[in-house]
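Just so it is clear, the values below take in all heavy atoms, side chains as well, and ignore hydrogens, waters and symmetry mates. Just follow the structure's listing: the first ligand is 1, and inside any ligand the first atom is 1.
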Amino acid sequence: MIDWTDRHCRYFHRLLSPHARLYTEMIATGAILYGDAARHLDFDNSEHPVALQLGGNEPEALARAARAGQDWGYDEINLNCGCPSDRVQKGAFGACLMSTPALVADCVKAMRDAVDIPVTVKHRIGLDYDESYGFVRDFVGTVHEAGCEVFIVHARNAVLKGLSPKENREIPPLRYDVARQLKRDFPRTLIVLNGGLTDPGDTLAHVGQGGGELDGVMLGREAYHRPRVLSELSRRLWPETPIPGDEAVVRAMMDYAGRQVAGGVPLRSVVRHMLGLFNTQGGARRWRQMLSDNRLLAANDPALIDAAWQVVANAAERRAA
Ligand SMILES: Cc1cc2nc3c(=O)[nH]c(=O)nc-3n(C[C@H](O)[C@H](O)[C@H](O)COP(=O)(O)O)c2cc1C
């Protein structure tokens with residue numbers, strides 16, 4: 001998610017969910033091929049499995065960017081066919097690619113020829129107000145023939161004119177049945193459901209482990225705003241894997257922030273992703289306030305994380321007493 005799932009966010013989320021697959025923000029091919037590739041591609045080893053999401057529409061450029069991603073150590077390359085922003089539409093990529101499935105197939109083929117890791121696609125279920133199933137079925141069919149075996153389905157249409165990106169994540173209705181139908185029509189593909197998933201029980205009901213038909217689930221906003229949902233899902237999916245408790249997560253993030261600050265990264269860039277850690281618990285408001293207080297952040301001292309943690313821990317003690 002652009003501006004959200006940067007490397008600091010992914011490091012944090014990995015602590016909360018040892019096995020979930022993490023995705024980068026969408027990175028345009030030009031940023032990798034002609035920009036500061038290290039700035040966009042660097043990640044911590046602990047992030048594996050981690051996928052690089054690309055934005056672009058030229059097979060050759062996508063192939064070169066995918067190759068760069070593989071060389072950098074990514075585990076998967078994902079092509080964005082779901083973003084409806086004006087900027088992305090001007091570049092003629094993101095969601096508007098769904099109207100040219102043959103081009104997406106060419107892009108996928110070129111990327112697959114360039115790398116050995118999986119090439120996957122994230123897409124919507126329709127464009128504008130066309131709700132015909134045939135549109136997305138033909139899109140998936142064409143792209144599947146080009147060798148894509150994993151489709152991450154954001155199960156609502158993208159409205160290209162008249163809705164902002166935010167509205168495009170809220171107004172077009174969610175239609176999970178379309179993802180299920182895709183799974184029935186393309187049983188050899190992996191269909192991963194995305195869009196509006198929040199409650200762990202309801203989320204897992206979509207996949208095999210919870211009695212559902214689909215192969216995976218992707219969480220966006222809930223994972224960002226209430227990151228402990230990642231731990232709750234992990235405990236159910238991989239009960240044998242221990243998940244660090246609150247204090248261990250806080251200590252690990254303090255160590256990480258210390259290393260990042262020593263390397264010139266502002267403390268704010270790390271802690272801004274942690275504001276939701278205690279959401280729905282006592283002390284959550286004070287935690288958020290302290291970690292977003294400009295005056296406190298100005299010192300650039302990772303001890304701020306510890307100070308905020310003391311507030312949360314004291315609130316928990318008071319509740320227990
Ligand atoms: C701030 C923000 C940035 C996003 N950036 C991307 C992106 O770079 N690539 C992408 O595929 N989706 C992006 N999305 C969409 C999410 O990945 C997801 O598809 C959408 O929010 C619906 O899922 P959710 O209800 O679990 O959040 C973004 C969403 C938000 C809120």
Check this for me, if you would: do Glu58 and Arg64 make a salt bridge, where the nitrogen-to-carboxylate-oxygen distance has to be below 4.0 angstrom?
no

Please report, to 0.1 Å, the donor-acceptor pairs under 3.5 Å made by any side chain of residues 283-291, with sequence neighbours excluded.
from, atom 1, to, atom 2, distance (Å)
Arg286, NH1, Gln289, OE1, 3.3
Trp287, NE1, Met274, O, 2.9
Arg288, NH1, Asn279, OD1, 2.6

Kindly write out the residues that satisfy side-chain hydrogen bond (donor to acceptor under 3.5 Å, both in side chains) with Gln89, not counting sequence neighbours, or none if the list is empty.
Lys161

Quiz: residues 187-199 side-chain donor-acceptor pairs under 3.5 angstrom, not counting sequence neighbours:
from, atom 1, to, atom 2, distance (Å)
Thr189, OG1, Phe186, O, 2.7
Asn194, ND2, Met218, O, 3.0
Asp199, OD2, Gly201, N, 3.1
Asp199, OD2, Asp202, N, 2.9

Side-chain donor-acceptor pair present, His8, Tyr256, cut-off under 3.5 Å:
yes

Could you please provide the protein residues found below 4.0 Å of ligand 1 on a heavy-atom basis, arranged by chain and number?
Met1, Ile2, Trp4, Met26, Gln53, Asn80, Lys122, His154, Arg169, Asn194, Gly195, Gly196, Leu219, Gly220, Arg221

Can you find a pair of side-chain heavy atoms, one from Phe12 and one from Pro227, that are under 4.5 Å apart?
yes

